**Student:** 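The structure is given below, and queries will be raised subsequently.
Being a predicted model, the structure only gives us computed values, none of them experimental. The analysis underlying the following values was restricted to heavy atoms, covering all of them including side chains, and did not include hydrogens, waters or symmetry mates.
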Amino acid sequence: MADVLKRVPVREQDAKVRVTNFEEVCLGYNMEEAVAEAERCLKCKNPQCQKGCPVNIDIPGFIKEVQTKNIAGAYNVISKYSALPAVCGRVCPQESQCEAKCIRGIKAEPVSIGKLERFVADWARENNIQPKVEAERKGKKVAVIGSGPAGLTCAGDLAKMGYDVTIFEALHEAGGVLVYGIPEFRLPKRTVVKSEIENVKALGVKIETNVIIGKSTTIDQLMDEEGFDAVFIGSGAGLPKFMGIPGENANGVFSANEFLTRNNLMKAFDESYDTPIFRGKKVAVVGGGNVAMDAARTALRLGATTYIVYRRSEEELPARVEEVHHAKEEGIIFKLLTNPTEILVDENGWVKGMTCVEMELGEPDVSGRRKPVVKEGSEFELEVDTVIMSLGTSPNPLITSTTEGLECNRHKCIVADEANGQTSRAGVFAGGDAVTGAATVILAMGAGRAAAKGIDEYLSNK
Amino acid sequence: MYEIVKKEFLSQNIVLMDIKAPRTAKHCYPGQFVIVKMDEKGERIPLTICDYNRDAGTVTIVFQTIGASTKMMAEYEVGDSFRDFVGPLGCKSDLIDESIDELKAKKILFVAGGVGTAPVYPQVKWLHEQGVDVDVIIGARNKELIILEEEMKKVAANVYVTTDDGSYGRTGNVNDCLKALLAEGKEYNHIVAIGPLIMMKFVCLLTKELGIKTIVSMNPIMVDGTGMCGACRLTVGDEIKFACVDGPEFDGHLVNFDEAMKRQQLYKTEEGRALLREKEGATHHGGCGHCE
């Protein structure tokens, strides 16, 4: 008899093996494991888990179906709320959302809601089950800018309501951060991402790639010349930040965005693709978020000894615990309470090392986290040939600078009502990283969903 | 898919193509660029726009076959299609937003080097259409590499051709030509120089001395071309700029060319490897020490 207080463990690729490939780390549950885990659900009368979910999935509802092995039924329940369950089951920070609120979690380990969601979505894909559509066509056109999690969710919801939706994507592949940012070993592209996008298309959504709004056309032109009745902006985070320290333009210094885009979108890890990637021998990734973990684990798989250099302590690492755990298992070296001050450059312009200082935690700052301060006389050199900056992004001005009357805040993010995505321009809605700055996949999905409702209300009253 | 509707060799290794891309053709301006991706496994290749026809919905690109990707691109024929073609990217030339009176008051010279003649052409043509006539220097190593001379003559006031080896036109590099023109009594107060980095660097050194404002067009390594990756960053004055969203045109007297040239070398070995793989197929494994 299994211990009901403990989760059914999920099978993973062994750390020693997986550092040599780009295959998925987590292997997921099989039917037997999923049913056993589903049985751990307490079927609470007042389910807290659902309240922890940004898109409000009926979690007890789908888990109940898993208990009776009605996986198609479970998939139908989830599909009402989420267009991307196979993605969310993999990359949502469940430990701080649904699973954090799970009543089972008070005295034991919470139910593995994420892994169950993933199992249901994968099963549906493998059995060719697609979400059902039965909406009356409304005869109104909505343009969605960006095919990342916010855009796909908004488009999927609107299509289900009967709107004629076209997504415009600037890159050559749909998926946004799901395709260029999150690596294959966390989120397989061909199987998982592509098939979820196909599901959105199956709802009637059209996707036009290679269209960059603000350049190839503008929001005004979409509305005035192409007959779109409303527009949703889900264009994502934007321009990578650098530290502003000496040596940052040396050869061998990359933004995490560039490094990951080359590897994920352009598939540089695969020799049969043409895009090159610089395979360093000793790589320092500066930053402590999920993107930093992704970049470090990618560099490791490309053959490097890899460091994470982060100025605060382990407790403050913004990355998911699971990602930090996986990174450590794989042999990433954590240089915590460490901050770079200069990148050392050889006579030909290549990185040869990085000067760092040690930090200690002082008083809490505005973010509530204890502020790191430099330890006197702690300067040292880290020998590396590659530095990857993973410090977040600042908003891309392409859309805001070409759309009159679109209000931005002091961080240059688009101002939009959290409840319905409404911006300062009539008929123009926004959500996701373009509004909040860099955040998570599921928060972007929540914003896309709220905006779809907002757009429906707006167009219904028009 | 984006169809090739015209293809022409301007020299042995410089190709001109017209691509059917109505959205780009409708919205592009001189100074901007596009990104071409040939097929599923191809690179994203940034190319400056050489011309466009809004009615026909076509955009003209010109490229030199220097790496494995551009060599393969040159093998595409009329009727074939590129998988991806996105644009216009970057900012239009500053000249486009100036009033006609301001432009007419300027004494403008374009300095075009080699394949850099292609992005110079649409600017000269656009100015000509506004009734502003400008002079153009076209320079290259030898006669074979001089392109678009006839087209340029139709839209420029004067075209001066110069070759390093003297095989055609004047003898010497573009700087020699510029100095000679000034000695002959020509006056310029605004120069746009587009060509290899080393050429732009030396034109800027000269014009800084002469006190003539000079704009250059930068073409660094890029991936997405929309401001997302930062691969194309340059030092301009005291600031870091992204060529894809802040440029590609910058004040040449502020650009750190030495850094830009070093950054251009970044993937040289990778590109070299790709070229060898293409030439020698599966027999090339690298590291044997027999190949260059």
**Student:** Let me know if Tyr180(A) has heavy atoms under 4.5 Å from chain B in its side chain, its backbone, both or neither.
**Tutor:** side chain
**Student:** On a heavy-atom basis, which atom in Asn257(A) and which in Met228(B) lie closest, and how many Å separate them?
**Tutor:** ND2-O, 2.7 Å
**Student:** Could you go through Met72(B) and Asp274(A), starting from their C-alpha distance and side-chain angles, then the distance that decides it, and tell me whether this counts as side chain to side chain contact (heavy atoms under 4.5 Å, CB included)?
**Tutor:** CA-CA 11 Å; Met72(B) 224 190 302; Asp274(A) 297 339; 4.1 Å; yes
**Student:** Is it the side chain or the backbone of Ala250(A) that comes within 4.5 Å of chain B heavy atoms, both, or neither?
**Tutor:** backbone
**Student:** Where does Ile240(B) contact chain A at under 4.5 Å (heavy atoms): side chain, backbone, both or neither?
**Tutor:** side chain
**Student:** Give me the atom names and distance for the closest heavy-atom approach of Ser216(A) to Gly87(B).
**Tutor:** OG-O, 3.0 Å
**Student:** When you look at Lys26(B) and Glu225(A), which way does the salt bridge (charged side-chain N to carboxylate O under 4.0 Å, His left out) test go after all the steps?
**Tutor:** CA-CA 13 Å; Lys26(B) 190 174 166 192; Glu225(A) 294 168 22; 3.0 Å; yes
**Student:** Please verify the inter-ring angle class for Tyr267(B) with Phe254(A); under 30° counts as parallel, over 60° as perpendicular, anything in between as tilted.
**Tutor:** tilted
**Student:** Quick one: do Lys215(A) and His27(B) satisfy side chain to side chain contact (heavy atoms under 4.5 Å, CB included)? Show the steps, please.
**Tutor:** CA-CA 7 Å; Lys215(A) 293 286 178 188; His27(B) 294 99; over 6 Å; no
**Student:** Just give me the residue among Met389(A), Glu173(A), Gln221(A), Arg262(A) that pairs up with chain B most often, heavy atom to heavy atom, under 4.5 Å.
**Tutor:** Arg262(A)
**Student:** Looking at Thr209(A) and Tyr2(B), what are the two nearest heavy atoms and their distance?
**Tutor:**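 Distance-wise, the nearest heavy atoms are O-OH, 4.0 Å.
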**Student:** Does the side chain of His172(A) pick up a donor-acceptor pair with the side chain of Arg44(B) at under 3.5 Å?
**Tutor:**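 His172(A) vs Arg44(B): donor-acceptor pair found between side chains.
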**Student:** Phe85(B) versus chain A, heavy atoms under 4.5 Å apart: side chain, backbone, both or neither?
**Tutor:** backbone
**Student:** May I ask you to decide whether Glu248(A) forms a salt bridge with Arg263(B), counting only side-chain N to carboxylate O separations under 4.0 Å?
**Tutor:**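 A salt bridge is absent here (no side-chain N lies under 4.0 Å from a carboxylate O).
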**Student:** Measure distances from Leu171(A) to the heavy atoms of chain B and classify the residue's part below 4.5 Å as side chain, backbone, both or neither.
**Tutor:** both
**Student:** Side chains of Thr226(B) and Asn396(A): is there a donor and an acceptor less than 3.5 Å apart?
**Tutor:** no
**Student:** Regarding Lys41(B) and Glu271(A), does a basic nitrogen lie under 4.0 Å from an acidic carboxylate oxygen?
**Tutor:**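 The answer is no: the pair does not qualify as a salt bridge.
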**Student:** Could you tell me whether the side chain of Asn210(A) and the main chain of Asp84(B) form a donor-acceptor pair under 3.5 Å?
**Tutor:** no
**Student:** Taking atom NZ of Lys189(A) as the centre, report whether more than 12 heavy atoms of other residues, nucleotides or ligands fall under 6.0 Å from it.
**Tutor:** yes
**Student:** Could you tell me which portion of Asn348(A) (side chain, backbone, both or neither) has an atom closer than 4.5 angstrom to a non-hydrogen atom of chain B?
**Tutor:** backbone
**Student:** Does atom NZ of Lys206(A) have more than 12 heavy-atom neighbours, drawn from other residues, nucleotides or ligands, at distances under 6.0 Å?
**Tutor:**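 Yes - once you tally the heavy atoms of other residues, nucleotides and ligands closer than 6.0 Å, there are more than 12.
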**Student:** Going by atom types only, do Arg233(B) and Asn249(A) share a side-chain donor-acceptor pair under 3.5 Å?
**Tutor:** yes
**Student:** Is any side-chain heavy atom of Leu266(B) closer than 4.5 Å to one of Trp350(A)?
**Tutor:**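 With C-beta onward as the side chain, the pair touches.
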**Student:** If you take all heavy atoms of Gly42(B) and Met266(A), which pair is closest and at what distance?
**Tutor:**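 So the two residues come closest at O-CE, 3.6 Å.
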**Student:** Hey, what do you get for CG (Leu239(A)) to SG (Cys244(B)), rounding to the nearest 0.5 Å?
**Tutor:** 7.0 Å
**Student:** Does any backbone or side-chain atom of Glu226(A) lie under 4.5 Å from a heavy atom of chain B? Answer side chain, backbone, both or neither.
**Tutor:** side chain
**Student:** Look at atom CD of Glu129(B) and say whether more than 12 heavy atoms of other residues, nucleotides or ligands are closer to it than 6.0 Å.
**Tutor:**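 Yes, the 6.0 Å shell around CD holds more than 12 heavy atoms from other groups.
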**Student:** Which region of Glu40(B), side chain (C-beta onward) or backbone (N, CA, C, O), has a non-hydrogen atom less than 4.5 Å from a non-hydrogen atom of chain A, or is it both or neither?
**Tutor:**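 When you check distances to chain A, atoms from both the backbone and side chain of Glu40(B) fall under 4.5 Å.
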**Student:** Using only atom types and a distance under 3.5 Å, with no angle test, would you say the side chain of Asn251(A) pairs donor to acceptor with the backbone of Lys262(B)?
**Tutor:**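 The answer is yes, because a donor-acceptor pair under 3.5 Å joins these two groups.
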**Student:** What heavy-atom pair brings Gly230(B) and Pro240(A) nearest, and what distance separates the two atoms?
**Tutor:** N-CG, 3.9 Å
**Student:** Top residue by heavy-atom pair count (under 4.5 Å) with chain A, among Cys28(B), Gly225(B), Gly90(B)?
**Tutor:**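 Most heavy-atom pairs under 4.5 Å with chain A: Gly90(B).
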